[in-house]
Amino acid sequence: MKEYDHKKIEKKWQKEWVEKNTYRTLSAKQASAKKMRPFYILDMFPYPSGVGLHVGHPRGYIGSDVLARKMRMQGYNVLHPMGYDAFGLPAEQYALEHKIHPRKAVEKNVATFEKQLSIIGLSYDWARKINTTDPEYYKWTQWGFLQIYNSWFDPKKNKARPIAELVRIFETKGSDTFSAKEWKAMTSMEKQNVLMQYRLAYEGYSDVNWCPHLGTVLANDEIVESPTGPISERGGYPVEKKRMRQWFMRITAYGDRLIEDLEKLNWPAHMKEIQKNWIGKSEGSEIAFELEHFPDRVSVFTTRADTLFGVTYLVLAPEHLLVEKLKSHAQNESEIDAYIVATKKKDEMMRTATDKDKTGVELVGVRAMHPATKEPLPVWIADYVLPQYGTGAVMAVPAHDERDAGFALRYELPVKNVVTPFFAYTTGPDAVRNDKPMVKRDTVVAIVKHWSEDKYIGLKWKNQNWKTFVVGGTNGENPEIAAVREVQEETGYKNIKYVRTLGEAQSQFYATHKSENRWAFMTGVYLELENGDHIDVVEGEKQLHEVVWLSKKEVESFVDSNESFLFWNAVKDQTQIFTNDGVLVNSEMFDGLTSQEAREKITEAVGGKIVTKYKFRDAVFARQRYWGEPIPLAKNADGVISEVSLSKLPLELPKVTSYEPTGTGEGPLASVSAWKKAGYETNTMPGWAGSSWYFMRYIDPSAKKQFASDTELAYWFNKKKTGGVDVYVGGAEHATGHLLYARFWHKVFFDLGYVPTKEPFEKLMNQGMILAADGRKMSKRWGNVVNPDEIVSLYGADTLRLYEMFMGPFDASLPWSTESIIGSRRFIERVWKLQARVVKKGADVSIYETVLHKTIKKVTEDIESFSFNTAVSAMMICSNTFEKAGQINEEDFLSFVKILAPFTPHLADELWNAFAQKGSIHSAPWPTFNPKKLVSETMTIAVSVNGKVKAELVVSKDATESEIVALAQKEEKLILALAGRNPQRVIYVPNRLVNFVI
RNA sequence: GCCGGAGUGGUGGAAUGGUAUACACGUGCGACUCAAAAUCGCAUGCCGUAAGGCUUAAGGGUUCAAGUCCCUUCUCCGGCACCA
């Protein structure tokens with residue numbers, strides 16, 4: 001047996017695999033002929049940034065490669081491709097910095113990347129490689145854009161439809177705002193403007209995140225907050241708001257479906273959560289407030305229409321379109337102007353800081369009318385109201401909203417309470433009974449503090465199992481008077497001082513002792529005793545309950561009703577306000593309704609409408625940069641837009657001398673005279689355009705007539721599945737960018753009938769980051785980067801692969817340890833040495849057979865669940881067992897090598913061929929385990945007393961319960977532990993333990 | 001603040017409610033060697049010479065049995081954050 005020489009072995013097999021096309025994916029037709037089922041496992045394709053890889057980068061690729069190899073051996077037609085996402089800022093920035101053309105930069109970086117990747121032994125089908133900057137590729141990105149441009153979202157059918165169908169509707173029926181006749185009378189420009197409001201890709205104006213340094217607009221997920229304000233994620237340059245002409249994708253139209261369909265996907269829960277939060281769906285009402293002296297109405301969005309009667313003022317965002325008009329009628333115009341200017345400045349800084357005090361200015365003299373009470377309401381502007389969300393205006397309810405409360409406190413605005421906490425008992429002995437009358441009662445709940453200690457009175461009731469504060473009816477008195485009276489009657493204390501009222505609550509329950517339902521209108525009152533003087537309590541009260549003094553901590557475990565807790569919290573925290581749902585008060589005809597009922601009824605009564613809002617915005621689909629796909633649209637001198645037809649696609653990027661940003665807001669393409677003359681759009685597409693559909697190109701990368709042929713689409717994107725790609729592996733940081741955009745693009749294509757599945761990615765796996773040994777991110781800046789080339793050269797690719805899979809859970813961030821990697825190398829060498837123990841036939845299998853079959857089972861299952869670390873550990877156990885056996889049958893050893901093959905492909909093929917097997921191990925069938933061989937001849941049973949293990953028994957696998965119990969009772973340790981006591985129960989868990997309960 | 005997830009040896013980590021600390025690193029001792037490295041063997045949660053006891057962030061609960069389920073608290077990581 002030769003020494004294990006990883007360099008020689010790895011070089012040999014990498015060459016062999018390329019020559020023999022070992023990892024070629026079959027076309028739909030070829031595979032169908034062989035009845036091979038498809039399995040699509042995809043890595044997120046990289047930006048070839050040129051910086052070079054560190055050991056963390058290949059981790060995801062290795063994981064997906066392990067799965068791909070296993071599936072291939074199990075007979076699937078596996079599609080496992082790789083490509084490059086090379087448009088966009090990273091590549092362009094690199095080119096700018098190195099003073100070379102972006103295309104050259106991409107070529108160079110791709111070459112570096114492939115060189116580094118090639119030595120790891122990944123099983124990609126390189127024949128399917130794609131590059132988003134290849135004109136033959138971006139031809140279809142442009143085509144896809146045009147499909148989206150030529151679609152509108154039909155809310156009734158909840159799907160995209162061709163814009164031509166909308167035109168037909170306008171021609172025959174018109175719309176809400178114009179008739180068919182009026183439509184026909186419109187100029188083509190007018191029609192274009194109308195349709196633009198419907199298209200899924202549309203031109204619009206909006207405040208965008210403008211980065212002066214990069215000379216471009218950035219998406220929300222491309223900027224981050226910093227202490228000095230928003231900055232670009234890439235480069236960290238300041239970002240400000242700027243109103244600009246833009247192309248957008250109407251992704252908000254899909255808000256509902258993007259949330260709903262998440263449920264059907266096999267994605268990590270936190271990824272779904274992140275997308276849900278980002279989309280930020282909330283249901284509420286839009287309610288209009290009329291203005292005195294103005295024909296305009298202020299529309300507000302609220303999720304709490306039930307609190308409408310608690311509105312005491314309105315607040316508009318300083319940017320609200322009406323402000324300009326209203327302020328000229330206000331008495332304090334200059335003050336308003338100053339505030340607006342200050343807001344704009346703050347906009348660049350940090351307007352969204354949460355901990356700052358809320359500021360605002362009243363539009364003195366401007367009054368809105370309450371839609372229900374018709375009372376006049378002051379109107380304010382304040383920067384805590386955001387122009388982009390809802391309607392940019394809010395109705396302020398300081399009694400039930402924390403922000404409004406803070407604002408009202410600062411500017412001394414009135415507070416009106418309209419919702420009271422409500423507790424209805426629906427289960428248990430106190431549950432309201434339908435067959436009994438409901439009796440309303442005004443009651444007080446008194447919390448009484450000790451005269452010198454921090455203690456409070458509780459009542460222990462003798463007949464019922466109640467523990468309460470002092471409670472009682474008011475008999476028509478003021479609550480504070482009733483409270484003092486009740487305390488004196490029930491406790492005997494005389495010198496009681498009223499401190500404050502704690503609020504109100506209502507409760508419905510069944511009063512057993514009176515056989516009636518009670519509807520209690522409770523007022524909480526806080527009292528303090530001035531001294532301990534007291535009189536005797538009348539005998540009747542004494543029999544009812546006992547008075548106890550409780551510390552703060554004791555109170556919390558003493559009282560058990562929600563109402564008591566509510567009032568108790570009001571004692572502890574004076575400033576708290578009630579923001580939950582409850583029952584309405586002070587709301588005229590709506591009094592007594594629950595918040596839930598009231599929201600709908602009040603909205604209806606004041607002519608509002610129920611609407612759904614989303615936090616996320618339509619996605620900006622334009623960059624003022626050179627290095628992106630040209631948008632295939634042109635405008636003539638009159639501004640009429642025309643499309644570049646499919647036969648003229650791709651619309652290629654022109655050659656330019658200077659591709660640096662102009663900084664004016666127009667892209668560098670504006671300085672290309674021929675381009676400008678043709679009227680072509682000077683913005684290019686954003687980085688996420690090409691990555692939103694690339695997984696569809698891999699299935700048929702050379703298709704000429706379509707982005708992929710129908711045959712391949714039907715094969716790989718089976719319409720019976722929810723998602724097309726079976727497993728998608730990549731970083732969690734793409735949750736709100738790429739993964740959302742790709743889902744949107746795919747859904748439009750699905751609606752238009754271009755793809756068979758409604759979602760792009762069925763299962764998603766996030767690989768964890770590999771940190772440096774110091775626990776920080778690997779970065780040149782820290783000088784802690786570990787280069788994979790060095791590791792491969794020193795230990796071999798198989799060791800690197802094995803170690804990265806063994807380190808820990810696939811999705812966990814783990815520190816790299818150059819110390820620990822030696823363990824993986826040792827394992828490989830020990831497997832190598834096992835060769836010497838292999839015999840054709842006749843080895844004593846009893847030592848290793850059970851372990852081998854268990855290992856095959858575990859590795860098969862663990863690879864599927866991405867539990868690579870435990871799969872490797874199982875194989876280590878198996879190999880250790882082999883070492884203990886004198887000899888191993890060749891068949892058994894090769895089964896072991898097969899399950900090892902996905903992890904250490906070079907070593908596996910070398911061993912496979914050392915035993916003169918035909919072909920590559922990676923085309924050999926995956927081994928199966930024999931269920932009968934999973935159980936060994938003997939088993940170990942733990943003997944425990946009250947769950948504590950005292951002894952172990954080794955028994956035959958056929959031993960019965962009674963035999964085992966009998967054997968256990970003879971164990972000395974058990975007898976000692978029982979100390980003569982007889983067990984009350986004996987619990988036997990088959991194959992595991994027997995527990996004696998004493 | 002809100003929403004997720006997690007806290008287990010010196011380290012990375014393992015454990016369908018059923019023998020906690022698998023597997024690996026490190027460390028110690030031994031073998032081989034003139035010696036060292038490599039390799040092989042043994043040991044290795046904590047306290048204790050031992051018998052034995054204790055131990056999964058802390059505290060409580062459910063259970064014959066809890067790292068695992070429930071409640072409270074603390075810490076860390078991730079996401080969102082004036083979203084009306």
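Basis for what follows: all heavy atoms, side chains included, without hydrogens, waters or symmetry-related copies.
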Output the rounded distance in Å from [atom1] ([X]) to [atom2] ([N]).
{"X": "A:Glu402", "N": "B:C83", "atom1": "CD", "atom2": "P", "result": "10 Å"}
{"X": "A:Glu861", "N": "B:U16", "atom1": "CD", "atom2": "P", "result": "12 Å"}
{"X": "A:Met939", "N": "B:U19", "atom1": "CE", "atom2": "C1'", "result": "14 Å"}
{"X": "A:Ile274", "N": "B:C2", "atom1": "CD1", "atom2": "C1'", "result": "15 Å"}
{"X": "A:Leu814", "N": "B:C23", "atom1": "CG", "atom2": "P", "result": "20 Å"}
{"X": "A:Ile279", "N": "B:C83", "atom1": "CD1", "atom2": "C1'", "result": "15 Å"}
{"X": "A:Phe616", "N": "B:G79", "atom1": "CZ", "atom2": "C1'", "result": "17 Å"}
{"X": "A:Asp383", "N": "B:C82", "atom1": "CG", "atom2": "P", "result": "11 Å"}

Assign [X] to base, sugar-phosphate, or nothing according to its heavy-atom contacts below 4.0 angstrom with the strands shown.
{"X": "A:Ile877", "value": "sugar-phosphate"}
{"X": "A:Asn995", "value": "base"}
{"X": "A:Val997", "value": "sugar-phosphate"}
{"X": "A:Ser820", "value": "sugar-phosphate"}
{"X": "A:Ser282", "value": "sugar-phosphate"}
{"X": "A:Glu952", "value": "base"}
{"X": "A:Phe996", "value": "nothing"}
{"X": "A:Arg830", "value": "sugar-phosphate"}
{"X": "A:Asn869", "value": "sugar-phosphate"}
{"X": "A:Val949", "value": "sugar-phosphate"}
{"X": "A:Thr940", "value": "base"}

Taking any strand in view, what nucleotide pairs with [N] in a Watson-Crick or G-U wobble way, both distances under 3.5 Å?
{"N": "B:C83", "value": "none"}
{"N": "B:U44", "value": "B:G26"}
{"N": "B:U49", "value": "none"}
{"N": "B:A66", "value": "none"}
{"N": "B:U75", "value": "B:A6"}
{"N": "B:U21", "value": "none"}
{"N": "B:C32", "value": "none"}

Inset, instruction - Would you name the heavy atoms of A:Trp278 and A:Leu740 that are closest together and state the gap between them? - result: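 Scanning both residues, the minimum pair turns out to be CD1-CD2, 3.5 Å.
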What nucleotide, of [options], holds the atom closest to the side chain of [X]?
{"X": "A:Thr870", "options": "B:A15, B:G79, B:C82", "result": "B:A15"}
{"X": "A:Glu273", "options": "B:G26, B:G18, B:C3", "result": "B:C3"}
{"X": "A:Arg992", "options": "B:C83, B:G4, B:U16", "result": "B:U16"}
{"X": "A:Val385", "options": "B:G4, B:A84, B:C83", "result": "B:A84"}
{"X": "A:Ile987", "options": "B:C23, B:A15, B:G18", "result": "B:G18"}
{"X": "A:Tyr384", "options": "B:G18, B:C25, B:C82", "result": "B:C82"}
{"X": "A:Tyr389", "options": "B:A84, B:A22, B:C80", "result": "B:A84"}
{"X": "A:Pro815", "options": "B:G12, B:A22, B:C25", "result": "B:G12"}
{"X": "A:Glu819", "options": "B:U19, B:G26, B:G4", "result": "B:G26"}
{"X": "A:Phe806", "options": "B:A24, B:G79, B:C25", "result": "B:A24"}

Inset, instruction - Starting from the 5' end of RNA chain B, give me the residue, A:Met876 or A:Arg985, whose nearest nucleotide shows up first. - result: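 Nearest-nucleotide comparison on RNA chain B picks A:Met876.
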[Y] and [X] aromatic ring geometry - parallel, tilted or perpendicular at 30°/60° bounds:
{"X": "A:Phe882", "Y": "A:Phe896", "result": "perpendicular"}
{"X": "A:Tyr614", "Y": "A:Phe616", "result": "perpendicular"}
{"X": "A:Phe407", "Y": "A:Tyr411", "result": "tilted"}

Legend entry - A:Met875 and A:Ser879, any side-chain heavy atoms less than 4.5 Å apart: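 Contact flag for A:Ser879/A:Met875 side chains = no.
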Can [X] and [Y] be counted as having a side-chain donor-acceptor contact under 3.5 angstrom?
{"X": "A:Thr850", "Y": "A:Ser936", "answer": "no"}
{"X": "A:Asp306", "Y": "A:Ser595", "answer": "yes"}
{"X": "A:Thr343", "Y": "A:Asp383", "answer": "no"}

Inset, instruction - Check the chi torsion on B:G9 and let me know: syn if it falls within 90° of 0, anti if not. - result: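 Syn, angle within 90° of zero.
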Quantified in whole Å, what is the [atom1] atom distance between nucleotide [N] and nucleotide [M]?
{"N": "B:G10", "M": "B:U68", "atom1": "C1'", "value": "26 Å"}
{"N": "B:C32", "M": "B:A38", "atom1": "C1'", "value": "11 Å"}
{"N": "B:A36", "M": "B:A43", "atom1": "C1'", "value": "24 Å"}

